[in-house]
Structures are given as C-alpha cells and as structure tokens.
Amino acid sequence: MNRLMLINGPNLNLLGTREPGIYGSHTLQDVVAEVKHVTDDFGYDLEDYQSNHEGAMVDKIQEAGRTCSGIILNAAAYTHTSIAIRDAIASIPVPVIEVHISNIHTREEFRHHSMLASVCKAQIVGLGIKGYRYAALALLEK
Ligand code: DHK
C-alpha cells in the first residue's frame with residue numbers, strides 16, 4: 001500500500017493562532033504540506049485527518065491499519081490520557097510514529113508521560129512541524 005496516514009488530535013486545528021509561543025505560527029495546512037512533499041517524492045499518497053474526538057481517532061487508526069503502510073500521529077492531549085488510542089495502535093500491524101511539535105518532556109509534568117510511546121515505532125518531539133517531515137522520512141526511507 002503506497003499510502004501514509006497523518007492524524008492530528010484535539011486543538012491542532014487551531015495551529016497558527018493557538019499559543020504560538022509554544023506551537024509556532026505554522027498552520028495545520030502547513031503541516032499537511034510538509035508531509036505531502038515527502039510522500040509525493042516517494043510516490044506515496046497521503047491522507048490527512050484531524051479530530052477533536054477520541055473515538056473518531058480510534059476509528060481512523062483502525063482504518064489506517066487496513067489501508068495504509070504507516071501512520072504519523074500527533075494525538076495531542078490524548079497522548080497523555082488515552083488507553084483507547086494506545087490499544088488501537090497496538091491492534092494494527094502498521095508502524096506508528098508519535099510526533100509532538102513541542103518538547104513534552106520539558107513542559108508541565110503531566111505532559112511527560114505518553115500512553116502511546118511504548119506501542120509506537122518512535123517518538124519525535126520538540127522539532128516544531130519539521131518533526132512531521134522526519135517521521136514521514138523514517139517511515140518511507142529504505
Ligand atoms: C500538542 C498538544 O495539544 C498537547 O496537548 C501535547 C502536543 C503536546 C505537541 O507538542 O504537539 O501535550
């Protein structure tokens with residue numbers, strides 16, 4: 001399957017205006033464009049999806065497990081709370097790379113723990129929206 005899935009979780013639809021000191025001034029559209037450059041270069045399709053709803057994200061992860069060869073996931077606040085998203089990742093056969101724009105490990109203590117990291121292939125944090133590009137490269141480079 002020559003297809004990657006990009007999933008962004010709650011409040012990431014507000015990128016660009018949301019706490020720019022932490023998340024920068026790039027928009028979600030810029031994030032998608034960043035990843036699409038890479039998938040285009042490799043001849044892959046990209047599906048992008050954003051939701052503020054945990055169950056909808058679970059549905060999308062399950063779907064991507066059937067239709068894609070890899071997932072780039074910023075589950076945003078659900079990273080720190082969601083056993084349901086963790087279990088969805090563990091239930092599918094495709095690699096998931098966890099991305100965070102900010103460095104969650106240098107922020108509030110409640111952001112230090114990821115419920116998802118132990119079932120993901122890798123975690124990329126603190127590199128701004130470039131982290132999404134690096135995740136795509138990691139999934140596609142041989
Ligand atoms: C985005 C969020 O919305 C937060 O809830 C996470 C993450 C960090 C990010 O850095 O991309 O704690």
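For clarity, every value in this text was computed on a predicted model and none was experimentally measured. Note that ligands are numbered from 1 as they come in the structure, with each ligand's atoms numbered from 1 the same way.
Side chain of D41 to backbone of V38: no donor-acceptor contact under 3.5 angstrom is found.
The existence of a salt bridge linking E47 and R3 is confirmed by a sub-4.0 Å separation between a basic side-chain nitrogen and an acidic carboxylate oxygen.
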Please table the atom pairs, donor to acceptor, closer than 3.5 Å between any side-chain atom in residues 88-98 and protein atoms at least two apart or in another chain.
from, atom 1, to, atom 2, distance (Å)
S91, OG, D87, O, 2.5
E98, OE1, S114, OG, 3.2
E98, OE1, A117, N, 3.4
E98, OE2, H100, NE2, 2.7
E98, OE2, S114, OG, 3.0
E98, OE2, Q123, NE2, 3.2

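Enclosure of atom CD1 in I22 by more than 12 non-hydrogen atoms of other residues, nucleotides or ligands within 6.0 angstrom is indicated.
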Between the protein and ligand 1, are there any N or O atom pairs that come within less than 3.5 Å of each other, and if so, what are their names and distances?
from, atom 1, to, atom 2, distance (Å)
ligand 1, 3 (O), R18, NH1, 3.0
ligand 1, 3 (O), R18, NH2, 2.9
ligand 1, 5 (O), A77, N, 3.1
ligand 1, 5 (O), R111, NH1, 3.1
ligand 1, 10 (O), I101, N, 3.2
ligand 1, 10 (O), S102, N, 2.8
ligand 1, 10 (O), S102, OG, 2.6
ligand 1, 11 (O), N74, ND2, 2.8
ligand 1, 11 (O), I101, N, 2.8
ligand 1, 12 (O), H80, NE2, 2.7
ligand 1, 12 (O), R111, NH1, 2.8

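Evaluation of the salt bridge (Lys or Arg N to Asp or Glu O under 4.0 Å) rule for E109 yields no partner, not counting sequence neighbours.
Within the structure, side-chain hydrogen bond (donor to acceptor under 3.5 Å, both in side chains) pairs that include any residue of residues 62-71 comprise K60-E63 (at least two apart or interchain).
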